[in-house]
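Input: a single structure, listed below in structure tokens.
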Amino acid sequence: MGNHLFDAFRSSMPAPARLLMETDDGRSLTYGDMLARSAQLAHALLQLDVEPGDRVAVQVEKSPEAVLLYLACVRAGAVFLPLNTAYTLTELGYFFGDAEPRVIVCDPARSADIGNMAEAAGAVVVTLDRNGQGSLTDQASRQATDFHDVERGPGDLAAILYTSGTTGRSKGAMLSHENLASNARVLVGQWRFTSDDVLIHALPIFHTHGLFVATNVVLMAGASMLFEQKFDAGRIVSLLPRATTLMGVPTFYVRLLQQDGLDREAAGNIRLFVSGSAPLLAETHKAWRECTGHAILERYGMTETNMNTSNPYEGERRAGTVGFPLPGVSLRIADPDNGKPLPQGEVGMIEVRGPNVFGGYWRMPEKTSAEFRADGFFITGDLGIIDADGYVHIVGRGKDLIISGGYNIYPKELESEIDALDGVAESAVIGVAHPDFGEGVTAVVVRTPASRITAAEILGAIAGRVARYKHPKQVVFVEELPRNTMGKVQKNLLRDAYKDLYRS
Ligand code: MLC
Ligand code: AMP
């Protein structure tokens with residue numbers, strides 16, 4: 001049977017001496033190195049008693065070794081479970097309790113704290129730092145450089161990625177070998193990736209965009225990447241002449257446009273700029289075209305589905321749209337209440353079905369069935385319309401979700417934290433237009449009578465509990481929240497009232 005996903009990477013692997021990645025601190029890794037070192041890590045995982053289907057939870061800084069660990073998990077038949085490096089210990093506690101990992105890989109600086117939690121969860125803790133050093137790599141360095149990949153079929157789990165839930169409880173999206181392999185294969189074809197491509201990789205590798213869209217596509221094409229620890233606009237401009245393609249969230253493009261050196265010449269070697277994870281403003285699309293001569297290719301996806309749609313490689317890349325359903329993906333606009341397909345041109349719920357769509361939420365059968373229609377379509381929570389030419393437009397969200405700099409933030413999680421504070425009667429957390437992040441997290445708070453709680457106190461209280469990127473950029477105090485006749489907070493009125501909060 002083989003190992004479905006890794007065999008797919010192997011089938012397009014170039015000669016061992018070809019470069020897979022080069023880092024900003026001058027390290028390089030060839031495809032041959034990748035094979036040998038992921039084999040060593042796979043052996044190390046087996047020595048830690050990892051069995052097929054076991055979860056390996058990973059909260060580590062971006063490094064080549066972190067990518068190798070992902071591949072080692074695939075090869076060892078384990079389920080890779082990446083976690084945002086910004087997550088607090090409180091947040092991690094939930095993930096460990098829910099996923100019950102066999103192994104937790106973390107930064108040495110966190111191993112003492114995580115060690116205590118891991119013991120309770122029955123997991124073993126090993127370390128890996130941003131330079132690729134740690135107890136895991138020590139152990140791996142003593143292993144053989146060849147490995148007989150553990151057999152895994154198309155439907156076996158390759159990864160679980162947690163995605164925040166509307167009720168505040170995160171849900172683990174279960175992604176199979178075929179979900180990942182099929183999507184990467186389709187994207188390689190649609191975006192014309194070849195082994196000659198050099199991708200600037202400046203995204204985090206704990207979410208779908210940086211891990212699967214960027215890394216899997218590079219591996220599936222036998223291409224290479226300039227692997228950046230984090231996004232630095234000035235540096236990216238200096239790398240453009242050495243690359244052929246860039247993938248980013250809209251904030252990347254907004255920030256790059258502010259750089260002096262960005263022009264047609266600087267972007268002359270690039271054949272493709274891709275944007276996704278959040279809406280790219282039509283004005284950014286236009287400004288980019290004027291500055292570099294390139295039309296950014298916008299695509300649409302989500303953790304649960306990988307990529308669903310893409311603007312065309314050849315043909316018009318229409319600003320403000322996410323293009324056409326990818327080959328193999330069925331996409332319909334449906335009545336949100338009953339899933340009945342709506343006529344072309346009407347706004348409704350975007351629903352998708354295909355080999356890219358996940359199998360369900362980890363140990364949450366009710367939540368899974370609530371988000372699938374009987375005929376297998378997944379209810380994305382995004383509202384859209386298909387225009388007369390077939391382009392999909394995302395016009396809003398049926399879910400109460402904020403996307404800031406490409407990260408998802410569910411208001412409910414913050415509202416629960418803020419409402420629990422002494423001196424707070426209630427709160428509503430909203431996303432407000434933000435020039436850098438797209439949406440800025442904003443807390444609208446009603447104090448209890450006589451309370452003098454301040455914004456700084458509120459932010460201080462949530463500091464150790466929720467990741468920093470989720471923190472409100474501003475807290476505003478009001479006497480009461482607007483409600484409709486049903487008593488529901490009218491967030492649309494709040495969004496309107498504060499729409500200029502971040503405009504300078
Ligand atoms: C960082 N900060 C953010 C933030 N990122 N605040 C709000 N929104 C964000 N996205 C805060 C930090 O907490 C910190 O706060 C301060 O900004 C500076 O931190 P930093 O690390 O220096 O930030 P910076 O490097 O500037 O990061 C911005 C960014 C980054 C846009 C480069 O957020 C990023 O890489 N975003 C990409 C996210 C992504 O990959 N999404 C894909 C999800 S998959 P303080 O208070 O400490 O100063 C998906 C599916 C799909 O959505 O379709 O792709
Ligand atoms: P996540 O759960 O982090 O994977 O985020 C997925 C969500 O990001 C989707 O449901 C959309 O709301 C949003 N998204 C992704 N790509 C785009 C895009 N190109 N335009 C608008 N929204 C997007």
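Both counts, for ligands and for their atoms, begin at 1 and track the order of listing. Keep in mind that the numbers below use all heavy atoms, side chains included, and drop hydrogens, waters and symmetry copies.
Among protein heavy atoms, atom 1 (P) of ligand 2 sits closest to N408 ND2, 3.0 Å.
Ranked by closest heavy atom to atom 37 (C) of ligand 1, the top entry among A233, P250, G405 is G405. Considering only non-hydrogen atoms, atom 14 (N) of ligand 2 lies nearest to S277 out of G398, G276, S277. Nearest to atom 52 (O) of ligand 1 by heavy-atom distance, out of G301, S277, A278, is S277.
Interface atoms of ligand 1 facing S404, defined by a heavy-atom separation under 4.0 Å, are 7 (C), 8 (N), 9 (C), 10 (N).
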Can you list the steps and then say if D387 with H393 is a side-chain hydrogen bond (donor to acceptor under 3.5 Å, both in side chains)?
CA-CA 7 Å; D387 70 20; H393 301 231; 2.8 Å; yes
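Atom 20 (P) of ligand 1 lies below 4.0 Å from at least one non-hydrogen atom of the protein.
The shortest N/O to N/O separation between K473 and ligand 1 falls below 3.5 Å. Residue N408 has no nitrogen or oxygen atom sitting less than 3.5 Å from a nitrogen or oxygen atom of ligand 1, judged on distance alone. Distances between N or O atoms of Y300 and those of ligand 1 include no value under 3.5 Å.
Checked against E417 for a salt bridge (Lys or Arg N to Asp or Glu O under 4.0 Å), the options R465, K470, K412 give a single hit: R465.
Judged by the shortest distance from any of its heavy atoms, R255 lies inside the 4.0 Å radius around the atoms of ligand 1.
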